[in-house]
Every structure is written in C-alpha cells, then in structure tokens.
Amino acid sequence: MTFNSADILVPKVANPSAWSVVACDQYTSEPAYWEEVKKLADGTPSAYHLVLPEIYLEDDGVDERIKKINKTMTEYCKGGIFEEYKNAYIYIERVQRNGKIRRGVIGAADLEDYEYAKGSKSAIRATEGTVVERIPPRLKVRIDACLELPHVMLLIDDRKRSVIETLGANKASFKKLYDYDLMMDSGHITGWLINEEYKAFLEKELLAFADISSFNEKYGVNEASPLVYAVGDGNHSLATAKEYYNSVLTKGDAESAALARYALVELVNLHDDSLVFEAIHRAIFDVDVNKFYNELSSLCSEGDNGGQSFTFVCAQGEKKLTFTTPTANLTVGSVQTFIDDYISKNGGRVDYIHGEDVVRTLSSNSTTCGILLDAMNKNDLFKTVILDGALPRKTFSMGDACDKRFYTEARRISYK
C-alpha cells in the first residue's frame, strides 16, 4: 500500500488548543503572529516546542534551538504526553475559519512510492517544483528528531466523493479522540479512530485508484504507471522526509529504515468543497521598486489582454500587466522566472504570501513591491501534473494561512 495505517501518537494534554499550531511554513513575513503563538504555548505542552517556524530559520542560535526541539521531543515521549494508536487511521474534520469543513484521513505515505524530481512517474508526485536548497535546513531539524508532526497533505482525485466522504457518513461508529478549537481564530478540529470495518473499506477503495487501466481511461492518457496521490501541501517537507529516509538507508540499520520509510500525512479529496485553490502571491523586498517595475513592464503590455496577466502592487498604486512573450506555460512561471533573474542581478529577496491584503500592506514600504496572481482551476491539477510534471514552485495554495494544517498528531521516526 502506498497510503498505510500507522502507529499514531495523539497528545493527552489539558489545553489542546495550546498544543496545536499552524504549519511551520506559514506567516513567514509576520513575526507578530509567531510571537503570539509563543505566548499561548508558554509553560504548557505544545507542538510549538517541537517545530521550527521557518521565520526563524535565519536567526542566530538556530542550531541550539534545533537541539532543544529534539530534547523536548524525547521528554514528551518519556513523559506520557501521548497516547499511541497502533496500525491506525484517524478520520478528521477541520472546521475552517469560514465555516467550511475539510474532511481528511491521517495515515502514512510510503516514501518508496514517492519521487519529487520533475518528470517522476511515482504513485506519489510533487505538484510544484522542489527547490533542493530548501531541503538541508529542514533536514537539520529531522535528522536527530525522534518524532515527526505532519503538515503534508496528499490529494486523491475522487470525483465521485465515495471514499473519505463515506467515512464521514459513518463516523458515529468511530471512537472520538479529540475535539477542540484551534488557536488564533483558526477554526476547530475533531478526530475519530477509524474502526476495523472501515479500515478495510478505505484500503480496498484506495487500491482501485492505482489500477492503470482505469487511470488511463480517466485521464485520456497511455501511461505505464499511475499518479495516485498528488502532494497538495508540504511538498518540501515530504521531500525532506524522503532525503532523511535515503540517509538512513545508507547506514544499514533495518529497524531505523523501517521507521524512516514512512511519513505521516493527511489524505484529502481534491473535490472536497472546502478546498479552494488560492493563488500564492509574491512580495519582493529590498529592491529599487521603480527599476523593478520598469524592467518588468518592458516585458508586458498594460491591462488584462487575455494572456498571462497579473497585478503589480507598490506604494504608488496598482497596475494590471500582461506578458507579451511568456517564458513559461503558466503566469506564475513567467513571473517567477523574472523575479529570480532580477534578484540574481540586482539583489533583494522574495517571499510567498497568502492573501492579497498582506501583499498590499507589505508593498506600502518604499523598498517593497508585490505581484498578485490569479488562482489555477483545481480540476486541472492531476491532468497537468501527469502531462507536464511538477508545476512552478508556489503555484497555488489550498486556502488561507489560518486554514492550513495544524500540527496535532505525531509519529515516531526513530528511537533515539
């Protein structure tokens, strides 16, 4: 099985709302958010003490912080913080801030069935280009960790809504494991332990998605191997888990390799009503905004001319532009190519922002500008990845930052 049951750790804490924190790659330009999270987690067991928010990756003392994270993981394991559920799947319902419910299943992805390189034909495939330079800092966190906490989301293209939705319809027969509000006005999370009857149902249904004849007919292709699961969120985290597994394999330790081979993930139906593909916008910092705009606009016509259009934002206002000669198949690819080239020649840095208002606020600074992009149609995702491979990095986001996966469950990845 590519998606498997796992020995899942669920926290037994007095204040679960302080336990769960948002994925570490969110709010990377908003230190006030993470300062508030730090206050909420202070003095109580929390996933905040087990992860490294990426806003702090460049800070002094990061290596000491990672050591403290690993030490805290060990303390939590020995201190009875977790209840372990063997060979388990957990059905979850996440109420988002907007009131919509995202339904998912927590289980383990087999990293033997995953390759993140563009052009991969593995059963699990990346949906965006992997920046290999982003893996080493994440690997530093994982390499000496005894636990993983997942924010990876895998998608299945279940147009009939017959798998995860069936679990939800029968959740009354499952044991409820947790049920609480999430911090920072981020909705609510409830989890149920899937019983043996529906574990068998889930595994049987998921095997059908790997049938190559059905796959080729569904997408009108003639492939030798199917894309069964697309990585919807956490592409770089899953790539890090893969590299960690590869490093463990080289040591010849069978027990460690058996643990490292899997990564805890949330499985979600692409067609879940809660999943709205949002564009990921760009904010460009520490640049001469006029120079940036002049070079960019020289490649574009003004207005939305039916091609690859986007909105440029700066302190002086906004302007709609359209590339006259695109350099990629998608607007985001042409935009990213320009930004990367400009920064390599002129300096500056780029961040990837969820929410137009955040980009506008950041761009009020005289040395910062932004680019607003339209979202892609989620129904095109699987076919596009099958035909074209991984999309340009940070092409889309599934919802706002507050609705991203929160760290709740954990799993042992070593017995260090």
Side-chain angles (χ1 to χ4, degrees), residues 3 6 8-11 16-28 33-34 37 41 46-48 50-55 89-109 124 126-128 138 141-142 147-156 164 168 177-192 229-241 262-270 272-278 280 352 354-355 378 381 394 396-411:
F3 180 76
I8 303 176
L9 301 171
V10 175
S17 294
W19 170 268
S20 292
V21 298
V22 76
C24 64
D25 59 348
Q26 301 302 305
Y27 299 101
T28 52
Y33 178 93
W34 286 106
V37 172
S46 176
Y48 175 78
L50 306 181
V51 298
L52 177 59
E54 293 188 5
I55 194 171
Y89 296 103
I90 297 176
Y91 169 73
I92 66 168
E93 290 186 355
R94 166 73 182 279
V95 181
Q96 300 179 161
R97 183 182 288 179
N98 61 11
K100 290 186 176 180
I101 298 174
R102 185 181 77 230
R103 298 161 181 83
V105 177
I106 305 300
I124 305 171
T127 54
E128 68 174 24
R138 291 162 176 79
V141 178
R142 194 178 184 93
L147 296 176
E148 64 170 356
L149 291 88
H151 78 256
V152 176
M153 188 182 295
L154 296 188
L155 302 174
I156 52 170
I164 297 174
L177 301 180
Y178 47 84
D179 187 1
Y180 57 91
D181 290 333
L182 296 167
M183 66 167 62
M184 306 293 283
D185 189 27
S186 297
H188 192 90
I189 186 77
T190 311
W192 294 263
Y229 306 100
V231 185
D233 249 348
N235 275 284
H236 287 86
S237 290
L238 197 61
T240 300
Y262 299 92
L264 208 59
V265 300
E266 177 183 349
L267 182 66
V268 178
N269 184 9
L270 174 66
D272 191 292
D273 290 336
S274 71
L275 286 191
V276 177
F277 274 26
E278 305 279 354
I280 301 181
Y352 305 93
H354 305 276
K378 72 176 184 178
L381 178 65
K394 299 294 184 180
F396 68 91
S397 171
M398 296 186 298
D400 295 330
C402 63
D403 295 323
K404 292 296 183 179
R405 172 144 182 85
F406 269 55
Y407 299 115
T408 300
E409 313 82 6
R411 173 182 163 271

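For clarity, every value in this text was computed on a predicted model and none was experimentally measured. All residue numbers in this chain count up from 1 along the given sequence.
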Under 3.5 Å donor-acceptor, N235 side chain and T127 backbone: yes

Might you point out which heavy atoms bring A47 and Y407 nearest each other, and give the distance in Å? CB-CB, 3.9 Å

Aromatic rings F3 and Y89: how do their planes relate, parallel, tilted or perpendicular, breaks at 30° and 60°? parallel

Do D272 side-chain atoms and R103 backbone N/O form a donor-acceptor pair below 3.5 Å? yes

Please answer whether the main-chain N or O of S17 pairs with a side-chain N or O of S20 as donor and acceptor at a distance below 3.5 Å. no

Go through the steps for E148 and Y262 under the test side-chain hydrogen bond (donor to acceptor under 3.5 Å, both in side chains), then give the verdict. CA-CA 10 Å; E148 64 170 356; Y262 299 92; over 6 Å; no

Of all heavy-atom pairs linking L381 and A230, the shortest is CD2-CB, 4.5 Å

May I ask you to decide whether E128 forms a salt bridge with K394, counting only side-chain N to carboxylate O separations under 4.0 Å? no

Looking at L275, is its backbone amide N or carbonyl O close enough to the side chain of K378 to form a donor-acceptor pair, meaning the two atoms are under 3.5 Å apart? yes

Can E266 and R94 be counted as an ion pair, charged N to O under 4.0 angstrom? no

Would you say that Y27 contacts C402 through its side chain, given a criterion of any heavy-atom pair below 4.5 Å between the two side chains? yes

Any non-hydrogen side-chain atom of F396 less than 4.5 Å from a side-chain atom of V276? no

Would you confirm whether T28, through its side chain, and E54, through its main-chain N or O, come within 3.5 Å as a donor-acceptor pair? no

Taking all non-hydrogen atoms of both residues into account, name the closest pair between K100 and N98 and its distance. N-OD1, 2.9 Å

Looking at every heavy atom in both S237 and V152, which two are closest together, and how far apart are they? CB-CG2, 3.9 Å

Contact check, side chains of I90 and V105, non-hydrogen atoms, under 4.5 Å: no

Evaluation steps, salt bridge (Lys or Arg N to Asp or Glu O under 4.0 Å), between R102 and E93: CA-CA 6 Å; R102 185 181 77 230; E93 290 186 355; over 6 Å; no

Please round to the nearest 0.5 Å and tell me the distance separating atom OG1 of T408 and atom CD1 of I106. 8.0 Å

Please tell me if the side chains of M398 and D233 come closer than 4.5 Å, counting only heavy atoms from C-beta onward. yes

Y229 meets the side chain to side chain donor-acceptor pair (under 3.5 Å) criterion, sequence neighbours left out, with none

Ring centres under 6.0 angstrom apart (H188, Y180): no

Do the non-hydrogen side-chain atoms of E409 and L264 ever get within less than 4.5 Å of each other? yes

Taking the side chain as every heavy atom from C-beta outward, state whether M153 and L267 have any pair of such atoms under 4.5 Å apart. no

Is it the case that the side chain of S186 and the backbone of L182 share a donor-acceptor pair, with hydrogens and angles ignored and the cut-off at 3.5 Å? no

May I ask you to say whether R97 pairs ionically with D400, meaning some side-chain N is under 4.0 Å from a carboxylate O? no

Rounded to the nearest 0.5 angstrom, the SG-OH distance for C24 and Y48 is 12.0 Å

Between NE2 on residue H354 and OH on residue Y352, distance to nearest 0.5 Å: 11.5 Å

Please round to the nearest 0.5 Å and tell me the distance separating atom CZ of R138 and atom OG1 of T240. 6.0 Å

Restricting to non-hydrogen atoms, name the atom on I124 and the atom on L238 that form the minimum distance, rounded to 0.1 Å. CG2-CD2, 4.2 Å

Nearest heavy-atom contact between L154 and A109 is CD1-CB, 4.1 Å

Any heavy-atom pair between the side chains of I92 and W192 that's under 4.5 Å? no

Is the shortest side-chain heavy-atom distance between M184 and Y33 below 4.5 Å? yes

